[in-house]
Protein chains: 2
Amino acid sequence: MTEKASLDPVDWHILSVLQDDASITNKALAERVGLPTSSCHERVRRLRATGVISGVKAVVDPAALGRGLQAFIAVRLRLHRRELAEVFVAAALALPETLSVYNVSGPEDYFLHVAVTDSAHLQRIIVDHLATRPEVAHAQTHLIFDRPLTATVRPVPS
Amino acid sequence: MTEKASLDPVDWHILSVLQDDASITNKALAERVGLPTSSCHERVRRLRATGVISGVKAVVDPAALGRGLQAFIAVRLRLHRRELAEVFVAAALALPETLSVYNVSGPEDYFLHVAVTDSAHLQRIIVDHLATRPEVAHAQTHLIFDRPLTATVRPVPS
DNA sequence: AGTGAAATTGTACTGGC
DNA sequence: GCCAGTACAATTTCACT
């Protein structure tokens, strides 16, 4: 199951390219990594089959849809309502503004990553859909400045 | 610039599918949304041209590569070293374990999203590459339980 | 103008070396 | 792991609502 397939430098090169742009044709990818198309295709097939590449997804920019403000909302649940965690998670995921929900350790229980139009919109979400939930003890907002800086999964020298 | 192109329900349907799996063929996508291939292709082309779809990326699962533990590291910088923020960000992105860096408001200045092999590995990163940096005042770790639950960008009823 | 159908060009993918 | 063939899909063109 967790048989971490060991990747060679060419595999990492392929992953580097595909994490940046997976709409590249196999032909162009093969050229960039210096492989014939059939070999390159087989490499990609294996990376998918072994679960290293878990999927290929279109990235939608919320800012292009008028939702240019992103934030993390750190939520603490009431101790005696922890059994309602699943209810909370379901409600959080049902919010159309939600991008991701992280169940975390530490003083807070959940991090919600949301994309909203402006601070008023954010305030409305928190007041109407989070702070008023009985299982929620506290919600702390962290506005995200600029754009999130996203890196790729890279090899870690063991 | 920020001309939020108004999308109809079919566009949202397309976005919903492509955010889940962008490796679907245009033909299959057209069938699922009930459109001829040419119309569907044109819709997708426009979504890309207007920046709504900012890219197509392969999703790499760190767990399949032996990095099954993820965490947020909330970092607070020293007030009188804020001008070194760019240096810190560069260092954070250079860490191969880093997935994303968020510059946030609130008591903390940065959230680092990292993927590591285990808690010892995480400890090593923090001690060797974060806590010892002169501009870093404090680093608080939030382990991420389970898998992050990721949603898609969806329409928000205005 | 944007949608529906068909033809062409190119690539993805499967056999064999 | 590399080469060549076959089938299929992406993309353009044209007619229509």
Side-chain angles (χ1 to χ4, degrees), chain A residues 3-62 64-66 152-155 157-158, chain B residues 1-61 64-66 152-158:
Chain A
E3 41 184 293
K4 46 177 169 178
S6 205
L7 308 186
D8 67 16
V10 176
D11 287 321
W12 281 111
H13 193 180
I14 290 173
L15 288 181
S16 166
V17 173
L18 291 184
Q19 285 183 95
D20 178 61
D21 177 18
S23 70
I24 187 174
T25 65
N26 181 63
K27 186 186 179 187
L29 175 62
E31 281 175 10
R32 282 191 50 183
V33 301
L35 237 53
T37 59
S38 60
S39 304
C40 184
H41 188 263
E42 171 64 11
R43 295 257 191 165
V44 174
R45 192 200 63 77
R46 286 182 62 170
L47 289 170
R48 290 171 131 275
T50 56
V52 173
I53 296 177
S54 63
V56 174
K57 294 178 189 295
V59 179
V60 172
D61 180 11
L65 298 165
T152 57
V153 179
R154 289 156 285 169
S158 58
Chain B
M1 194 74 105
T2 314
E3 41 185 293
K4 45 178 168 179
S6 205
L7 308 186
D8 67 17
V10 176
D11 287 321
W12 281 111
H13 193 180
I14 290 174
L15 288 181
S16 167
V17 173
L18 291 183
Q19 284 182 96
D20 179 61
D21 178 17
S23 69
I24 188 175
T25 65
N26 182 63
K27 186 186 178 187
L29 175 62
E31 281 175 11
R32 284 192 48 183
V33 302
L35 239 53
T37 58
S38 62
S39 304
C40 185
H41 188 263
E42 172 63 12
R43 296 257 191 164
V44 174
R45 193 200 62 76
R46 285 183 62 170
L47 289 170
R48 290 173 129 275
T50 55
V52 173
I53 297 178
S54 63
V56 175
K57 294 179 190 295
V59 180
V60 172
D61 180 12
L65 297 165
T152 57
V153 179
R154 290 156 285 168
V156 173
S158 57

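These values consider heavy atoms only, across backbone and side chains, with no hydrogens, waters or symmetry-generated copies. By convention in this document, chain letters (A, B, ...) are assigned in the order of the sequence lines, proteins followed by strands, and residues within each chain are numbered from 1.
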Return the minimal non-hydrogen interatomic distance between [X] and [Y], and the atom names on each side.
X	Y	value
B:Val153	A:Pro62	CG2-CG, 4.2 Å
B:Ala28	B:Ile24	CB-CG1, 3.6 Å
A:Ala64	B:Thr50	CB-O, 4.4 Å
B:Ala58	A:Ala22	N-CB, 3.5 Å

#### Entry: Under 3.5 Å donor-acceptor, A:Ser54 side chain and B:Val59 backbone
yes

### Task
Just grab all the salt bridge (Lys or Arg N to Asp or Glu O under 4.0 Å) pairs involving residues 8-18 of chain A, residues at least two apart or on different chains.
A:Asp8-A:Arg43, A:Asp11-A:Arg43

### Query
Between the axis at one end of the helix from C:dA1-D:dT17 to C:dC17-D:dG1 and the axis at the other (five pairs apiece), what's the angle to 10 degrees?
30°

Taking side chain to side chain contact (heavy atoms under 4.5 Å, CB included) as the test, write out the residues that go with [X], two or more places apart.
X	value
A:Asp20	B:Lys57
A:Thr152	A:Gln19, A:Arg154
A:His13	A:Val17, A:Val33

### Query
Under the side-chain hydrogen bond (donor to acceptor under 3.5 Å, both in side chains) test, which residues partner B:Glu42, sequence neighbours left out?
B:Arg45

### Query
Can you name the residues that form a side-chain hydrogen bond (donor to acceptor under 3.5 Å, both in side chains) with A:Asn26, not counting sequence neighbours?
none

### Nucleic acid contacts of residues 8-25 of chain B, taken as heavy-atom distances under 4.0 Å to DNA chain D
B:Thr25

### Task
For DNA chain D, find the residues of residues 53-61 of chain A with a heavy-atom distance under 4.0 Å and give them by number; none if there aren't any.
none

Separation of [X] atom [atom1] from [N] atom [atom2], in whole Å?
X	N	atom1	atom2	value
A:Lys27	C:dT11	NZ	P	4 Å
B:Arg46	C:dT3	CZ	C1'	13 Å
B:Arg43	C:dA1	CZ	P	17 Å

### Task
Tell me which of A:Thr37 and A:Glu42 sits closer to the 5' end of DNA chain D, going by the nucleotide each one is nearest to.
A:Glu42

### Message
Just so I know, are the side chains of A:Leu65 and B:Leu7 near enough to count as touching, which here means a heavy-atom distance under 4.5 Å?
### Response
yes

### Query
Do A:Leu18 and A:Leu47 touch side chain to side chain, with heavy atoms closer than 4.5 Å?
no

### Message
Reading DNA chain D from 5' to 3', where do the contacts with chain B start and stop? Cut-off is 4.0 Å to heavy atoms.
### Response
D:dA9 to D:dT11

### Query
Which of the following nucleotides, C:dT11, C:dC13, C:dA5, is nearest to the side chain of B:Pro36?
C:dA5

All N/O pairs under 3.5 Å across the protein-nucleotides 14-17 of chain C interface:
none

Enumerate all atom pairs, one protein N or O and one N or O from nucleotides 7-9 of chain C, separated by less than 3.5 Å.
none

